[in-house]
Amino acid sequence: MGDILEVEGLSFRYPEAPRNAVSGFDLAIPEGEIVVLAGPSGCGKSTLLRTVNGLIPHMYGGEYSGDVRVAGSSVKDSNMRDLAQSVGFLFQNPENQIFMFSVERDVAFGLENLGVPRSDMRARVDEALRLLKIGDLAQRAPHELSDGQKQRVALAGVLAMRPKLVILDEPTSLLDPKTASELVALVARLRRELGTTFVVVEHRLDLLVEVADRLVVMDGGKKVLEGTPRDVLFGEEAEAHGVAVPAITRVQKMLAGKVGVSADRLLAPSELAAAVEGRGA
Ligand SMILES: Nc1ncnc2c1ncn2[C@@H]1O[C@H](COP(=O)(O)OP(=O)(O)OP(=O)(O)O)[C@@H](O)[C@H]1O
Ligand SMILES: [Mg+2]
C-alpha cells in the first residue's frame with residue numbers, strides 16, 4: 001500500500017512569531033499505520049496536525065513552505081470540503097467541535113454538510129454512537145455532558161465520516177483511565193477492521209505504545225526521533241527530548257537479556273510479568 005500521508009520539507013511560521021513552529025519536517029506514513037507523535041509542550045505537534053487537516057494554510061496566515069499530501073493530493077491545493085472527507089480531526093479541546101442541540105444531531109453534522117443521504121446518515125450515526133458506546137446519550141444536549149462524554153461525541157462525529165486518515169490531538173487528556181484504554185482499543189480495532197490510518201498526539205505513551213507501529217518525536221519544530229516504539233523508547237535519546245518513557249519499558253530495558261526477558265519488542269505489563277515469572281514472554 002502507498003503512503004496516505006507525505007510531509008516534505010515542511011516549515012511554518014505563525015504571523016509575527018519569532019521562529020518557525022514547524023521546521024524542515026519530513027514524514028511518510030503508509031496506509032493503515034498507527035503513528036504516535038510525542039514531544040514537549042510547544043514543540044509544534046498541534047501545528048503539524050493543522051497542516052494535515054488544512055487549517056494551515058487555508059485558515060491561518062503565516063509563512064508556509066514545503067508540501068503535505070494526503071492520499072497523493074497536496075493539502076495546500078485542496079479545498080477544506082474535500083479534506084474533511086479524507087482527514088478526520090479531533091481537536092485538543094472538544095468544546096471547539098460541538099455545535100448542535102443534541103448528541104445525535106452533532107454526530108450527524110459533518111455528514112449533513114457532505115450531503116450524505118438520510119438513510120445512510122442514520123446508519124452511520126448509529127454505528128458511530130455504538131462504537132463509542134454513547135447510544136444512551138443520543139438525545140442529550142452536548143453542553144450538559146462531562147468532558148469525557150463530549151470527547152466521545154466529537155470522536156463519533158469524526159468516525160461517522162469514515163475518513164481514511166484520522167488525526168487525534170491528545171484524545172485521552174480528558175478521559176478517565178478506563179475510558180482512555182477503551183479509546184486506544186477502539187483505535188486498534190478500527191485500524192484492523194477498516195484499515196484506518198491514525199496519527200495520535202499523546203503524552204501518555206504507556207497507553208499507546210503497544211498498538212502503535214511508529215513513534216515520532218518532535219522537539220523545537222523538528223523531527224528528532226522516528227522508529228518503532230521499541231527502538232525509540234529503548235534508545236538513549238528519548239528522555240533527553242522530554243519523552244515520558246513508560247515505567248514498564250524502563251523495567252523491561254533493565255531486565256532485557258536476563259531472566260528470559262526478550263528485547264526484540266515492547267512487552268505489555270502482563271507479558272513482562274509472565275517472562276519474569278518464567279512463564280515465557
Ligand atoms: N495560533 C497561534 N498563533 C501564534 N503562535 C502559535 C499559535 N498556535 C501555536 N503557536 C506557537 O507555535 C508553537 C508550537 O505550538 P503547538 O501548539 O503546535 O505546540 P504543541 O506541541 O501542540 O504543544 P502542546 O503539547 O502544549 O499542545 C509554540 O511556540 C506556540 O506558542
Ligand atoms: Mg498541542
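Remember, it's 1-based here, ligands and their atoms both numbered in the order they're listed. Basis for what follows: all heavy atoms, side chains included, without hydrogens, waters or symmetry-related copies.
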the protein heavy atom lying closest to atom 28 (C) of ligand 1 turns out to be Gly42 O, 3.7 Å
- prompt: Does Cys43 come within less than 4.0 Å of ligand 1, judged by its heavy atoms?
  reply: yes
If we number the atoms of ligand 1 from 1 as shown, the ones under 4.0 Å from a heavy atom of Ala21 are 12 (O), 13 (C)
- [ ] May I ask you to decide whether Arg69 forms a salt bridge with Glu8, counting only side-chain N to carboxylate O separations under 4.0 Å?
- [x] yes
| query | Salt bridge check: are Arg122 and Glu104 linked by an N-O gap of less than 4.0 Å? | reply | yes
Going by the 4.0 angstrom heavy-atom rule, the piece of Glu170 near ligand 1 is side chain
The protein heavy atom nearest to atom 25 (O) of ligand 1 is Lys45 NZ, 2.8 Å
Check your understanding: Hey, is atom 30 (C) of ligand 1 under 4.0 Å from any protein heavy atom?
Key -> no
*Output yes if Ser41 passes the N/O/S-under-2.8 Å test against the Mg ion (ligand 2); output no otherwise.*
no
Salt bridge check: are Asp67 and Lys76 linked by an N-O gap of less than 4.0 Å?
yes
Next item on the list: Evaluate the side chain to side chain contact (heavy atoms under 4.5 Å, CB included) criterion for residues Glu6 and Asp3: first the C-alpha distance (whole Å), next the side-chain angles of each, then the deciding distance (0.1 Å), finally the verdict.
Entry: CA-CA 7 Å; Glu6 299 158 281; Asp3 292 331; 3.8 Å; yes
- Short N-O contact, Asp231 and Arg265, less than 4.0 angstrom: no
According to a hydrophobic-cluster definition based on side-chain heavy atoms being under 4.5 Å apart (Ile, Leu, Val, Met, Phe, Trp, Tyr only), do Leu266 and Val216 belong together? no
The answer for which part of Arg50 has a heavy atom under 4.0 Å from ligand 1 is side chain
Here the pair of heavy atoms bringing Ala128 nearest to Val107 is CB-CG1, 4.2 Å
Q. Is there a protein heavy atom less than 4.0 Å away from atom 3 (N) of ligand 1?
A. yes
(message) Can you tell me if Glu16 contacts ligand 1 (heavy atom of the residue under 4.0 Å from the ligand)?
(response) no
A student checking ligand 1 against His203 at a 4.0 Å heavy-atom cut-off should list atoms 25 (O)
Exercise. Where do Thr47 and Tyr14 land on the side-chain hydrogen bond (donor to acceptor under 3.5 Å, both in side chains) test, with the steps shown first?
Worked result: CA-CA 9 Å; Thr47 303; Tyr14 289 100; 2.8 Å; yes
Checklist entry - Hey, is Asp126 close enough to Arg124 for a salt bridge, meaning N to O under 4.0 Å? => result no
TODO: Would you please say whether a donor-acceptor pair under 3.5 Å links the side chains of Glu63 and Ser11?
DONE: no
Ranked by distance from atom 26 (O) of ligand 1, the top protein heavy atom is Ser41 OG, 2.5 Å
Quick check on the hydrophobic clustering: are Leu165 and Phe25 connected, directly or via other members, by side-chain heavy-atom contacts under 4.5 Å? yes
Counting from 1 in the order shown, the ligand 1 atoms closer than 4.0 Å to a non-hydrogen atom of Thr47 are 14 (C), 15 (O), 16 (P), 18 (O)
among protein heavy atoms, the one nearest atom 27 (O) of ligand 1 is Gln92 NE2, 3.1 Å
- [ ] Check whether any heavy atom of Gly39 sits under 4.0 Å from an atom of ligand 1.
- [x] no
The protein heavy atom nearest to atom 12 (O) of ligand 1 is Tyr14 CE1, 3.4 Å
min-distance protein heavy atom vs atom 17 (O) of ligand 1 -> Ser46 CB, 3.8 Å
Worksheet entry | Contact (N/O only, under 3.5 Å) between Tyr60 and ligand 1 | no
